[in-house]
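This report refers to the structure that appears directly beneath it.
Sequence lines set the chain letters: A, B, ... in the order given, protein chains first and strands last, and positions in each chain run from 1. This is a predicted model, so every value here is computed, not measured.
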2 protein chains.
Amino acid sequence: MKHTLDERKQTILLAITRDYISTADPVGSRTIARRYELGISPATIRNEMADLEEMGYLEQPHTSAGRIPSQKGYRFYVDRLMEHERLAEGEQTAIREALEVKAREIEQVIHQAVRIISDLTSCAAVVLLPEISRGRIHTLRLLPVEPGRALLVMISSSGMITNRILPIPSQVSENDLQWISGYLTERLKGLTLLDLDEHLITAILEELRGYSAFSRQLLEALVRSVQQADGGKVITGGATNILSQPEFRDIEKARDVISIFERSHDLSQLLFASRPLGVKITIGNENVLAELRACSLVSAVYFVGGLPSGALGVVGPTRMNYARVISIVEYVARMINDCFDDPF
Amino acid sequence: MKHTLDERKQTILLAITRDYISTADPVGSRTIARRYELGISPATIRNEMADLEEMGYLEQPHTSAGRIPSQKGYRFYVDRLMEHERLAEGEQTAIREALEVKAREIEQVIHQAVRIISDLTSCAAVVLLPEISRGRIHTLRLLPVEPGRALLVMISSSGMITNRILPIPSQVSENDLQWISGYLTERLKGLTLLDLDEHLITAILEELRGYSAFSRQLLEALVRSVQQADGGKVITGGATNILSQPEFRDIEKARDVISIFERSHDLSQLLFASRPLGVKITIGNENVLAELRACSLVSAVYFVGGLPSGALGVVGPTRMNYARVISIVEYVARMINDCFDDPF
DNA sequence: GTTAGCACTCGACGGGAGAGAGTGCTAATC
DNA sequence: GATTAGCACTCTCTCCCGTCGAGTGCTAAC
C-alpha cells in the first residue's frame, strides 16, 4: 500500500471534502464525476475512493452511502489541499466597521469581535480577554471609598483594568493611599502578577516597614486577583449558530457542545493552548475536550502592545468551511493587533 | 356555564397540574383517580375535566391523550392552588455558602448567584446587574494613564464600578485631574447619570470655566456611558439545563429559547419589567418575547443599599416546578439584599 | 349527581414493501 | 495494466398498515 497520495487521489479527496462541506451529505462517485470534470468515470473514482478509505482519509457512514472525509482527511485537506481564501472586500470593511467602537477599549472591541465573527462564520465565536495575571503592571492606584475600604484599580499594559475593593485600616489617610499607590506603581511597573512571589513580597514589606500591616493586606489582595476568575475571562457568542448545523440535530450532541460554552474555564484553557503565531486548527478528536470531538476549533492569538495577550477562536462542526473561517479569524486578529498596537 | 371553580374542580386541576409538572406526560382520568384519593370514579373526573377544558383551564394535545394545564390553568394554579414551599435547610445553606465570596463584590456575588440558581432549579438563570445609569454617583475619579489619556473610575452607590479611558488635553496635570475629580464627586454625589442633562451640564461648565474644553469632554464621556451597554449587563447561566427538558427535544424550539440568552438586551428589558416587590411570575404567552411563549419566567428585584437595583430570574418550561423555583428565587434575592445592605 | 360499560379516536410501535442511492466485483475494453 | 460498463447487492428512508394501549365521550343504569 502506498503511503503518499498521487495527484488524482488528492483531487478526488479535495472534491469530496469540498462537496461534503457545502452539502453535509455523504458524497458518492457519480456526484463527483458529474460535478467535477475529472475525465474519469464513476467506476474509477470508486476504486480510488476505496483506496482512500483504506488509507484512512475517508469514511463511510454505512455500506450504501457515499463517503465523508475522516479526521485524517480533513487534516490533509487543511494542510495540503485547501486553497487559501482572500476575504471579500465587503466583509473586510464589515469587520473593520464592527471593531470601530467610539471608546476603543479592549473589552468593548472584543465584544464586537465576537459578534462579527459569529455572524460571518455562522459558527460560535470565543475570545479570551487578556489575562490580568500575564499582563505587565502599568499603574496601581488605591482610592478611598468609605472609611475602612479602598478601591484598588490596576491597569495592565494590555489595557485591561481590574477593580477590587479591599478593607484597609481606618487610620490610613488618603495621602497614605496616594503615596503607597505611587510607590507600588514605581516598584512593580513592568512586572506581572505572577512575578509577585513570596520572595518579592517580603522584600517590599521590608521596604514599606512603616505601613507593614496594611501593605501586607494589600499585596495579598493583589496576589489573590491572580488566582481569581478575572484573569482569562472568556467572551462567547453565536452558540445558537451551532444548533442550526445538521450534525447537531440530535439534542444530545447539541447539549454537549452548548455546555462547553458555559464552562468558561475549560474554554479558556483550550484557547490558551493556541500557538503564538498564525492560525491554529484543531480538528475533531485532536481537541482535548471530549465534548468537542464533533467540532473543530480555529484559533489565533492577538497582540496588545506587541505582546501576545489573548486569543480568539471559532468553534464549529468539523465540516466547517475552513478556508473561509481561517481567513476571517486571521483578519480579525490582525485588526485587533493593529488597533491595540498601543493599548491606550 | 359557571365561571368559578367549585372545590372539586380545583382539586382536580391541582392534581393534574402537579402530576404533569412532575411527569411531563398528559394525565388521564384513571391516573388521577388512582394516584389521588378523591373518592370519585374516573368517569366523574372525566366529566369534570371536560368542564375544565371548556372553561379554558385544561388542554388536550390530541383526542385520546390526557389533559395538560393550559396557560390559564397554570395561572390559576400559581395564584390560587399552589402551596408555598419552604426551602430545605440544606439548600438554604448551600445558597448562603455559594454567595459567600471572599471579596464580596457585587459582580462576583452575582456570578455565584447565577450558578447556584441554575443548579438548584435545573432551569436557566438570569441576573441583571445594577445599572450604572440608575445608581447614584458615589465617587468619580480621574487617573492619569499616559500623556493625553486618563482613566475615569466611577463608583456608584450600588457598588458597581465603571472604567472608561478618555482622551484629555495633554496640558492637564495630575493635580488638575485630582482637583476636578474632587469637584465633580462633590457636585454630582447622590445624582444619577440620568440626571446629567444638558441643563446641568451647562451649569457645571459655567462653574468650571477655567477647565472648559476639558470638562465638556469629560462630561460628555460620562453621559455616553449612560447609553452604553455597561448599564444593564446581564449574566446568564444554565441554558443547557433547558435543553434537557423534554419539551425542548425539538431542536427548533430549543434554538428559539437558547437564542434569547444571546440577546442580552432583550433579556434585560424583560427583567427590568419586574415589579419592585415580591416575586413576579410570567407564564407562556404573557411574555412579550415570542421566543419565550413556551417558557415561564420567575423573577424578583434585589436591593443594594436599600434601593431596587437589579433583578434576578429563572427561565424554564411552563411546566416548571413553580413552588420550588419561587422559593429559590425569593431566598436568593433576600440573601443578596442582606449582603448588600451596605454595598461597601 | 355518580358510575359502569362500551364504542371510538388517536398516537406509538413494528413489520414489510418499494424506491433510491451507492457500492464492490467481474469482465470487457482501451 | 489502467479504465470502464454492467450488474447484483446492501443499506437507509419512507410510506403503509395492522395492532396495541391509553384515554375519551356518551349512554344508560344506579
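The salt bridge (charged side-chain N to carboxylate O under 4.0 Å, His left out) pairs that include a residue from residues 22-44 of chain A are A/D19-A/R35, where partners are two or more places apart or lie in different chains. Sequence neighbours left out, the pairs with a member in residues 55-69 of chain A that pass salt bridge (charged side-chain N to carboxylate O under 4.0 Å, His left out) are A/E53-A/R67.
If you take CD1 of B/I32 and P of C/dT2, they are 17 Å apart, rounded to a whole angstrom. Regarding B/E48, its CD atom lies at a distance of 10 Å from the C1' atom of C/dG1, rounded to whole Å. Regarding B/I68, its CD1 atom lies at a distance of 14 Å from the P atom of C/dG11, rounded to whole Å. Taking atom CE on A/M49 and atom P on C/dG22, their separation rounds to 9 Å, with Å as the unit. Atom CD1 in B/I45 sits roughly 13 Å away from atom P in D/dG25 (whole-Å rounding). The distance from atom CG of B/D51 to atom P of D/dC26 is 11 Å, rounded to the nearest whole Å. Taking atom CG of A/N47 as the reference point, atom P of C/dT23 lies 11 Å away to the nearest angstrom. Here the P atom of nucleotide C/dG11 and the CG atom of B/D25 are 15 Å apart, to the nearest Å.
Listed in residue order, the members of residues 13-21 of chain B having a heavy atom less than 4.0 Å from DNA chain D come to none. Non-hydrogen atoms lying under 4.0 Å from DNA chain D are contributed by A/G39, A/I40, A/S41, A/A43, A/T44, all within residues 33-44 of chain A.
A/K9 places no side-chain N or O within donor-acceptor distance of the main-chain N or O of A/M49, the cut-off being under 3.5 Å.
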For nucleotides 12-15 of chain D, print each protein N/O atom paired with a nucleotide N/O atom at under 3.5 Å, atom names and distance only.
none

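Applying the 6.0 Å contact sphere to NZ of A/K253 captures no more than 12 heavy atoms from other residues, nucleotides or ligands.
Judged by atom type and distance alone, B/R46 reaches the base of D/dG25 through a side-chain donor-acceptor pair under 3.5 Å.
Scored by the ring pair (Phe, Tyr, Trp, His ring centres under 6.0 Å) test, A/Y77 finds no partners at all (sequence neighbours excluded). A/E286 pairs by the side chain to side chain contact (heavy atoms under 4.5 Å, CB included) definition with A/Q71, A/R75, A/T282, A/I283, not counting sequence neighbours. For B/Y74, there are no side-chain hydrogen bond (donor to acceptor under 3.5 Å, both in side chains) partners two or more places apart in sequence or in a different chain. Shown here are the side-chain hydrogen bond (donor to acceptor under 3.5 Å, both in side chains) partners of A/R8, two or more places apart in sequence or in another chain: A/E48. Qualifying side-chain hydrogen bond (donor to acceptor under 3.5 Å, both in side chains) partners for A/R46, counting only residues two or more places apart in sequence or in other chains: A/S29. With sequence neighbours excluded, no residue forms a salt bridge (Lys or Arg N to Asp or Glu O under 4.0 Å) with B/E7. The side-chain hydrogen bond (donor to acceptor under 3.5 Å, both in side chains) check on A/H265 picks up A/Q269, with sequence neighbours excluded.
For C/dT9, neither phosphate oxygen OP1 nor OP2 lies less than 4.0 angstrom from any side-chain nitrogen or oxygen of B/T63. Between B/S29 and D/dT24 there is a side-chain polar atom (N or O) within less than 4.0 angstrom of OP1 or OP2. Distances shown here put a side-chain N or O of A/R67 below 4.0 Å from the OP1 or OP2 atom of C/dG24.
In this structure, of D/dT24, D/dG23, D/dG25, it is D/dG23 that holds the atom nearest to the side chain of B/T31.
We find that A/E247 and A/R319 are joined by a salt bridge, their nearest charged nitrogen and carboxylate oxygen being less than 4.0 Å apart.
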